[in-house]
Number of protein chains: 2
Amino acid sequence: MHSVPNPRVNQLLAMLPDEDYRQLLPGLELVALPLGQIIYEPGVQMEYVYFPVDAIVSLLYVMEDGASAEIAVVGKDGVVGVALFMGGETTPSQAVVQSAGQAYRLGARRLKDAFRRVGGRRQGVLHDLLLRYAQALLTQMAQTAVCNRHHTLDQQLCRWLLLSLDRLPSNHLVMTQELIANMLGVRREGVTEAAGKLQRAGLIKYHRGHITVLDRAGLEARSCECYAVVKRECDRLVLQGTSAKRGKTGSPTGTVRDGAR
Amino acid sequence: MHSVPNPRVNQLLAMLPDEDYRQLLPGLELVALPLGQIIYEPGVQMEYVYFPVDAIVSLLYVMEDGASAEIAVVGKDGVVGVALFMGGETTPSQAVVQSAGQAYRLGARRLKDAFRRVGGRRQGVLHDLLLRYAQALLTQMAQTAVCNRHHTLDQQLCRWLLLSLDRLPSNHLVMTQELIANMLGVRREGVTEAAGKLQRAGLIKYHRGHITVLDRAGLEARSCECYAVVKRECDRLVLQGTSAKRGKTGSPTGTVRDGAR
DNA sequence: CGCTGTATGTTCGGTGCCCCACACTGCGTG
DNA sequence: CACGCAGTGTGGGGCACCGAACATACAGCG
């Protein structure tokens with residue numbers, strides 16, 4: 001249960017060449033991230049970046065009137081706290097643990113040193129990797145904006161479940177409908193209805209805060225194109241380095257459907 | 001009319017120390033950006049980055065069914081083509097000239113060289129500046145997502161007008177309601193109605209594709225908090241370097257109202 | 001075993017925006 | 001000057017989601 005996981009379960013750490021990884025290793029510290037923990041608050045200086053292993057962290061903006069909306073989600077595919085190496089130090093948004101788990105954290109000082117280190121044989125591999133991840137995050141936020149504008153709650157719920165699923169080790173997530181509603185920025189009742197449809201269709205099964213995904217392909221078919229776009233871009237930017245494509249949209253890369261509508 | 005503008009009207013170029021600026025100067029090329037010109041297409045390798053002088057460029061995502069939504073707007077405050085230095089080379093979104101004007105462009109190769117150049121006396125000023133701008137863009141996208149989720153078309157129109165206004169030299173913009181609708185991802189009729197309200201309230205005056213803002217403060221009062229957040233964050237990140245604040249939300253910096261609701 | 005709180009299900013009126021259709025009006029052009 | 005069209009105004013019907021209130025059911029705990 002509480003065994004020590006390999007830091008390189010995190011995809012960013014996994015992508016580092018051994019040499020760069022070994023330089024980082026002494027600074028990495030395993031921490032538990034319980035559900036609901038706030039990793040950073042808007043406007044407050046961050047002390048660490050977090051490389052999740054099996055936890056999921058939501059970046060969300062809380063408005064003056066208390067309403068909230070998720071703008072991106074980070075799991076083993078990325079790192080929480082990009083503002084530290086982007087140079088802003090803080091953001092107007094908040095980071096909250098959406099699914100409990102573990103992460104490796106790295107002190108701000110150590111991160112920045114490693115980020116800026118250009119010397120040595122290798123030419124800022126970590127630097128480039130983190131920037132590509134930041135671009136993936138940019139894409140995710142953009143797509144969230146589009147999705148919020150144009151797509152139905154049903155579609156958005158599918159997208160959200162898939163994004164979460166991709167970042168978890170199993171097909172089971174611990175998550176009440178109330179929490180999902182907060183993330184999506186909708187009413188709880190709306191989620192109840194949308195989730196009910198999915199359950200009746202046999203795609204998921206849920207019970208008092210536990211959701212099990214039964215038919216992943218079915219979710220993909222019901223989801224909007226947003227999930228596919230984000231997934232493809234994440235894979236391209238983080239897992240494959242750059243590989244710029246020529247020609248509109250290029251060919252799909254992920255495990256995602258393309259023709260479905 | 002077509003005189004040669006100072007590149008340093010662009011705020012990013014203006015923030016560079018003289019030495020860094022002079023190194024960039026030979027590569028800068030003045031180009032006209034006519035309304036509607038597409039600066040880059042989704043998935044296609046970019047050749048240049050653009051530093052707008054008085055043009056405004058919209059980053060927007062066009063969906064499979066042709067519907068679109070603006071995810072950020074770039075003017076003299078920034079640069080079009082962050083994917084070039086972020087390392088992704090391409091993005092799933094499109095960049096379109098929303099308001100005609102001029103920009104200085106810089107070849108991809110030269111930009112990347114300057115971005116990576118760490119040697120010399122100065123330590124990557126351009127590098128840090130561009131990354132801080134990228135974070136500002138991140139914030140703008142996040143806020144667009146929030147705004148799309150929670151705010152009315154009336155509020156969003158105000159936000160949009162203000163964002164455009166900040167990037168223009170006068171209080172007059174050339175823009176049909178049809179175009180605005182495309183940017184906001186809503187129906188043209190919706191914009192007609194919202195704009196009508198603003199005109200009846202005496203905040204703006206418009207006629208056949210020409211909009212004049214009469215009461216800027218009034219727009220700010222009717223807008224949602226999203227405009228203020230984006231504005232403050234842009235100023236903080238680009239104009240002031242970092243200056244991390246401690247404590248929630250910090251003190252407002254921009255020219256924006258804070259108490260209004 | 002009953003109490004209590006959390007999680008989920010259901011209903012109803014209201015509203016913001018969509019879709020569709022059409023009417024009006026300046027302005028430029030032949 | 002008539003025509004055409006781009007830009008704008010208006011209306012009806014519909015749908016998705018909101019807000020609020022309430023019903024049910026399961027889980028843990030004393």
Side-chain angles (χ1 to χ4, degrees), chain A residues 35-36 63 65-70 98-99 145-161 172-201 204-212 222 224, chain B residues 35-36 63 65-70 98-100 145-161 172-201 204-212 222-224:
Chain A
L35 178 65
M63 301 195 311
D65 67 3
S68 61
E70 185 180 83
Q98 176 204 100
S99 178
V146 171
C147 206
N148 283 349
R149 162 63 56 208
H150 288 292
H151 297 136
T152 65
L153 178 47
D154 289 18
Q155 293 175 302
Q156 292 184 44
L157 178 59
C158 290
R159 170 181 65 92
W160 191 89
L161 286 172
H172 178 258
L173 47 164
V174 179
M175 177 65 49
T176 71
Q177 299 184 352
E178 173 91 43
L179 271 192
I180 297 180
N182 277 338
M183 297 298 164
L184 294 180
V186 297
R187 282 177 336 152
R188 198 263 314 158
E189 293 90 324
V191 175
T192 298
E193 227 187 316
K197 283 188 213 167
L198 294 182
Q199 175 151 272
R200 281 190 291 278
I204 65 174
K205 202 161 66 76
Y206 62 89
H207 178 67
R208 296 187 72 73
H210 291 254
I211 306 182
T212 306
R222 290 200 174 212
C224 45
Chain B
L35 178 65
M63 301 194 310
D65 66 4
S68 62
E70 186 180 82
Q98 177 203 94
S99 177
V146 172
C147 207
N148 283 351
R149 163 62 56 206
H150 288 292
H151 298 136
T152 66
L153 177 49
D154 289 14
Q155 293 176 302
Q156 292 183 46
L157 177 60
C158 290
R159 168 181 67 90
W160 191 89
L161 286 172
H172 177 258
L173 46 164
V174 179
M175 178 65 47
T176 71
Q177 300 182 353
E178 174 89 42
L179 271 192
I180 299 181
N182 276 338
M183 298 297 164
L184 294 180
V186 297
R187 283 177 343 171
R188 197 263 315 158
E189 294 92 320
V191 175
T192 297
E193 230 189 311
K197 283 188 213 168
L198 293 183
Q199 175 151 271
R200 282 191 290 279
I204 66 174
K205 201 160 66 75
Y206 63 90
H207 178 68
R208 297 185 74 74
H210 291 255
I211 307 181
T212 306
R222 289 201 176 210
S223 166
C224 45

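All chains are named by letter (A, B, ...) in the order of the sequence lines, taking the proteins before the strands, and each is independently numbered beginning at 1.
Using modelled atom types, one side-chain atom of A:N148 and one backbone atom of B:A145 make a donor-acceptor pair closer than 3.5 Å. At distances below 3.5 Å, not a single donor-acceptor pair connects side-chain atoms of B:E193 with backbone N or O atoms of B:G190.
Under 4.0 angstrom from either OP1 or OP2 of D:dG9 there lies at least one side-chain N or O belonging to B:Q177.
The 5' end of DNA chain C is approached more closely, in terms of each residue's nearest nucleotide, by A:R200 than by the other of A:R149 and A:R200. With the nearest nucleotide of DNA chain C identified for both A:T192 and B:Q156, A:T192 has the one nearer the 5' end.
With distances taken from any side-chain atom of A:R187 to the nucleotides C:dC20, D:dC18, D:dG9, the minimum falls on D:dC18. Comparing atom distances between the A:R208 side chain and each of D:dT10, C:dG5, D:dC18 picks out C:dG5 as nearest. Closest contact between the side chain of A:H207 and the listed nucleotides C:dC27, D:dC26, C:dC18 involves D:dC26. With C:dG9, C:dC27, C:dA21 as the choices, the nucleotide that has an atom nearest any side-chain atom of B:E189 turns out to be C:dA21. Distances from the side chain of A:T152 to the nucleotides D:dG9, D:dA27, D:dC17 place D:dC17 closest. For A:Y206, the side-chain atoms get nearest to C:dT8 when compared with the rest of D:dT10, D:dA21, C:dT8.
Among the atoms of the strands shown, only primed sugar atoms or phosphate atoms (P, OP1, OP2) are found under 4.0 Å from some heavy atom of A:G209. At the heavy-atom level, B:E193 lies nowhere under 4.0 Å from the strands shown.
Atoms OG1 and CD, from B:T192 and B:Q177 in turn, are 4.0 Å apart once rounded to the nearest 0.5 Å. Annotation: the span from B:Q156 atom CD to B:H151 atom NE2 amounts to 8.0 Å, rounded to 0.5 Å. Atom-to-atom distance recorded for B:H150:NE2 and B:C224:SG is 11.0 Å, nearest 0.5 angstrom.
Between the side chain of A:R188 and the base of D:dG19 there is no donor-acceptor pair of N/O atoms closer than 3.5 Å.
Spacing between atom NE2 of A:H151 and atom P of C:dC18 amounts to 14 Å, rounded to whole angstrom units. Following rounding to the nearest Å, A:L153 (CG) and D:dC15 (P) show an atom-to-atom distance of 17 Å. For the pair A:H210 NE2 and C:dA7 C1', the interatomic distance rounds to 11 Å; values are reported in whole Å. At whole-Å resolution of the value, CG in B:L184 and P in C:dC18 are 10 Å apart. In this structure, A:Q199 places its CD atom 16 Å from C1' of C:dT10, rounding to the nearest Å. Here the P atom of nucleotide C:dC18 and the CG atom of B:D65 are 13 Å apart, to the nearest Å. The CD1-C1' distance, from B:I211 to D:dT8, rounds to 12 Å in whole Å. C:dC18 atom C1' lies 12 Å from atom NE2 of A:H150, rounded to whole Å.
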